Peer 1: 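Let me begin by handing over the structure; questions about it come next.
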Amino acid sequence: HGRTCYYGGTLCSCSMIALLHEALVTDMKAMGVTLAKCAAVDLCVQWVGWALASALKTEKFFDLAGSGTFVLLAHLSHRWGGTRHLRQNVQTGLVTAWGLRLGTFLFLRIMKEGQDHRFNNVRNSPGLFFVYWTLQAVWVFVTLLPTLILNMERKDEPLSLRDYAGWAIWGLGFATEAIADNQKWNFKNDPENAGKFIQHGLWAYSRHPNYLGEILQWSGLFLSASSVMQGPQYLSVVSPLFLWFLLRHVSGIPILEKQAMKKWGADPAFQSYIKNTPLLWPFL
């Protein structure tokens with residue numbers, strides 16, 4: 001009789017494992033389909049943007065389209081996920097706050113300045129312009145990946161220290177980026193600062209505090225989203241790493257540092273600023 005119960009328990013356990021495995025595979029397939037839909041929407045938005053921008057030979061809504069796509073995909077994944085747990089609601093809200101603030105700021109800035117010097121040799125070349133818009137689609141998808149995974153996850157876990165720490169890091173990054181942008185905006189709009197470089201406020205502790213804030217925000221969002229991750233989903237840590245690499249070594253800091261050296265490289269005050277102010281991370 002004990003032997004029969006043993007085998008019965010074993011069969012029951014095997015059945016449970018099989019059902020759990022089947023449910024997991026089903027959820028992973030559904031997540032893969034939704035990720036593919038998000039990627040398709042992302043590409044469609046950027047390519048439509050490219051078509052309009054190429055026809056008009058303007059980059060004025062490039063950044064606005066990028067930040068807007070973040071917000072759009074965050075809400076689509078939230079809707080398609082169907083669960084809408086508190087963690088997902090907060091995450092989607094934080095992405096929305098980031099996108100609305102930064103997108104509005106960048107759009108107002110380019111409307112005031114008239115052009116973005118990154119596109120001086122690009123806006124009149126449809127092929128090269130297409131590459132820029134496509135790379136923006138990649139940036140959006142990779143950076144948003146932890147949020148997309150979170151919003152499509154049906155499993156929920158109680159909020160933990162990891163969530164609160166992630167949201168706190170996001171808040172620090174949001175404040176850092178917003179304050180740095182505002183300080184530089186006010187500095188450049190003051191006629192007395194014409195031809196000068198900013199070195200006060202947050203810019204006294206980092207030569208690129210706005211980028212520091214950007215990296216902190218997406219690092220915090222990954223940390224919170226990782227609360228419900230498992231297995232290969234943790235590979236979405238590529239999000240903050242990719243963003244850091246992009247800003248530090250590709251499209252952000254290298255271009256601005258080169259422009260600054262060209263403009264103020266012979267200025268002793270700027271040489272002192274470069275020597276005494278960290279490139280990105282304060283006190284490092």
Side-chain angles (χ1 to χ4, degrees), residues 30-82 84 88-89 91-111 113 115-116 118-119 121-153 170 174 177 181 210-211 214-215 217-218 221-222 225 236 238-240 242-243 245-247 250-252:
M31 184 174 291
V33 170
T34 306
L35 283 175
K37 288 164 61 178
C38 287
V41 171
D42 182 18
L43 282 171
C44 285
V45 171
Q46 305 314 314
W47 288 346
V48 169
W50 162 76
L52 293 173
S54 184
L56 298 173
K57 292 182 171 55
T58 181
E59 70 281 15
K60 288 185 177 178
F61 52 88
F62 180 83
D63 289 320
L64 186 63
S67 57
T69 307
F70 273 95
V71 175
L72 175 63
L73 293 186
H75 283 271
L76 285 177
S77 63
H78 191 232
R79 180 181 179 84
W80 291 337
R84 304 186 185 181
Q88 297 168 334
N89 296 341
Q91 187 96 351
T92 301
L94 296 183
V95 171
T96 301
W98 168 87
L100 292 177
R101 189 212 69 84
L102 185 61
T104 301
F105 171 77
L106 294 175
F107 183 68
L108 292 175
R109 186 180 69 178
I110 197 170
M111 292 303 292
E113 296 180 352
Q115 62 178 2
D116 185 334
R118 293 176 299 171
F119 296 89
N121 299 317
V122 176
R123 68 178 67 90
N124 293 319
S125 172
L128 191 54
F129 217 1
F130 179 79
V131 172
Y132 272 63
W133 280 90
T134 302
L135 288 177
Q136 176 158 264
V138 174
W139 165 63
V140 170
F141 187 80
V142 173
T143 306
L144 195 58
L145 190 56
T147 299
L148 298 179
I149 290 174
L150 169 63
N151 280 349
M152 291 178 286
E153 179 59 63
W170 180 91
F174 185 84
E177 185 175 38
D181 283 341
N210 52 336
Y211 289 157
E214 184 80 358
I215 293 168
Q217 286 175 88
W218 292 104
L221 291 178
F222 166 76
S236 63
V238 70
S239 164
F242 173 75
L243 181 66
F245 180 79
L246 192 67
L247 294 177
V250 184
S251 68

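These numbers come from a predicted model, not from an experiment. The figures that follow rest on heavy atoms only: side chains count, while hydrogens, waters and symmetry mates do not.
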Peer 1: For Arg101 and Asp181, what are the C-alpha separation, side-chain angles and deciding distance, and is it a side chain to side chain contact (heavy atoms under 4.5 Å, CB included)?
Peer 2: CA-CA 11 Å; Arg101 189 212 69 84; Asp181 283 341; 2.8 Å; yes
Peer 1: Verify, without hydrogens or angle tests, whether Ser77 (side chain) and Leu148 (backbone) share a donor-acceptor contact under 3.5 angstrom.
Peer 2: no
Peer 1: Do His75 and Thr96 meet the criterion of a side-chain donor-acceptor pair at a distance under 3.5 Å?
Peer 2: yes
Peer 1: Tell me whether Asp42 is salt-bridged to Lys37, with the criterion being a basic N under 4.0 Å from an acidic carboxylate O.
Peer 2: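 The answer is no: the pair does not qualify as a salt bridge.
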Peer 1: Could you state the interatomic distance from CD1 (Ile215) to CG (Asn210), rounded to the nearest 0.5 Å?
Peer 2: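 So the gap between those two atoms works out to 10.0 Å.
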Peer 1: Verify, without hydrogens or angle tests, whether Ser67 (side chain) and Asp63 (backbone) share a donor-acceptor contact under 3.5 angstrom.
Peer 2: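 Yes; judged by distance alone, with no hydrogens or angles, the pair exists.
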Peer 1: Please confirm whether Tyr132 and Trp139 have ring centers closer than 6.0 angstrom.
Peer 2: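 Aromatic pair excluded; centres sit 6.0 Å or further apart.
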Peer 1: For Trp170, what residues pass the ring-ring contact (aromatic ring centres under 6.0 Å, His included) criterion, not counting sequence neighbours?
Peer 2: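 For Trp170, the residues satisfying ring-ring contact (aromatic ring centres under 6.0 Å, His included) (neighbours in sequence not counted) are Phe174.
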Peer 1: Nearest 0.5 angstrom please: Ser239 OG to Leu145 CG, how far?
Peer 2: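 Ser239 atom OG to Leu145 atom CG measures 7.0 Å (nearest 0.5 Å).
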Peer 1: Can a salt bridge be assigned to the pair Asp116 and Lys60 using a cut-off of 4.0 Å between side-chain N and carboxylate O?
Peer 2: no
Peer 1: Return the CD to OG1 distance between Gln46 and Thr69, rounded to the nearest 0.5 Å.
Peer 2: 4.0 Å
Peer 1: Taking the side chain as C-beta and beyond, is there a heavy-atom pair between Leu94 and Gln217 under 4.5 Å?
Peer 2: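 The answer is no; the side chains never approach within 4.5 Å.
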Peer 1: List for me each residue that meets ring-ring contact (aromatic ring centres under 6.0 Å, His included) alongside Phe245, sequence neighbours excluded, and say none if there are none.
Peer 2: His249
Peer 1: Within the side chain of Gln115, is there an N or O that forms a donor-acceptor pair under 3.5 Å with the backbone of Ile110?
Peer 2: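 No, because the side chain of Gln115 does not come within donor-acceptor range (under 3.5 Å) of the backbone of Ile110.
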Peer 1: Which donor-acceptor pairs under 3.5 Å do side chains of residues 47-54 form with protein atoms, sequence neighbours excluded?
Peer 2:
unit_1 : atom_1 : unit_2 : atom_2 : d
Trp47  : NE1    : Thr134 : OG1    : 3.0
Trp50  : NE1    : Pro126 : O      : 3.0

Peer 1: How are the rings of Trp98 and Trp218 set relative to one another: parallel (under 30°), tilted (30 to 60°) or perpendicular (over 60°)?
Peer 2: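 Ring orientation of Trp98 relative to Trp218: perpendicular.
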Peer 1: Determine whether Leu35 and Phe141 satisfy the following criterion, side chain to side chain contact (heavy atoms under 4.5 Å, CB included), listing intermediate values before the conclusion.
Peer 2: CA-CA 9 Å; Leu35 283 175; Phe141 187 80; 4.2 Å; yes
Peer 1: With no hydrogens and no angle check, is any side-chain donor or acceptor of Gln91 less than 3.5 Å from a backbone partner on Leu221?
Peer 2: yes
Peer 1: How close do Asn151 and Ala74 get, heavy atom to heavy atom, and via which atoms?
Peer 2: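 Reported closest heavy-atom pair: ND2-O, 3.2 Å.
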Peer 1: Could you grab the distance from atom CG of Leu43 to atom SG of Cys38, nearest 0.5 Å is fine?
Peer 2: 11.5 Å
Peer 1: Tell me which pairs pass salt bridge (charged side-chain N to carboxylate O under 4.0 Å, His left out) where either residue lies in residues 121-132, with sequence neighbours left out.
Peer 2: Glu59-Arg123
Peer 1: Has the side chain of Gln88 got a donor or acceptor atom that lies under 3.5 Å from a matching backbone atom of Leu150?
Peer 2: yes
Peer 1: Are a donor atom and an acceptor atom from the side chains of Asn89 and His78 found within less than 3.5 Å of each other?
Peer 2: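 Yes, side-chain donor-acceptor contact under 3.5 Å.
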Peer 1: Check whether any side-chain heavy atom of Thr143 sits under 4.5 Å from a side-chain heavy atom of Phe70, and report yes or no.
Peer 2: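 SC-SC contact between Thr143 and Phe70 confirmed.
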Peer 1: Nearest 0.5 Å please: distance from the CG atom of Leu73 over to the CH2 atom of Trp80.
Peer 2: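 Separation between the atoms: 7.5 Å.
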Peer 1: How would you list, by chain and number, every residue that makes a salt bridge (charged side-chain N to carboxylate O under 4.0 Å, His left out) with Arg79, sequence neighbours excluded?
Peer 2: none
Peer 1: Between Val71 and Gly99, which heavy-atom pair has the shortest distance, and what is it?
Peer 2: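 In terms of heavy atoms, the two residues are closest at CG2-CA, 3.9 Å.
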Peer 1: Side-chain donor-acceptor contacts of residues 102-109 below 3.5 Å, not counting sequence neighbours, with atom names and distances?
Peer 2:
unit_1 : atom_1 : unit_2 : atom_2 : d
Thr104 : OG1    : Leu100 : O      : 2.7

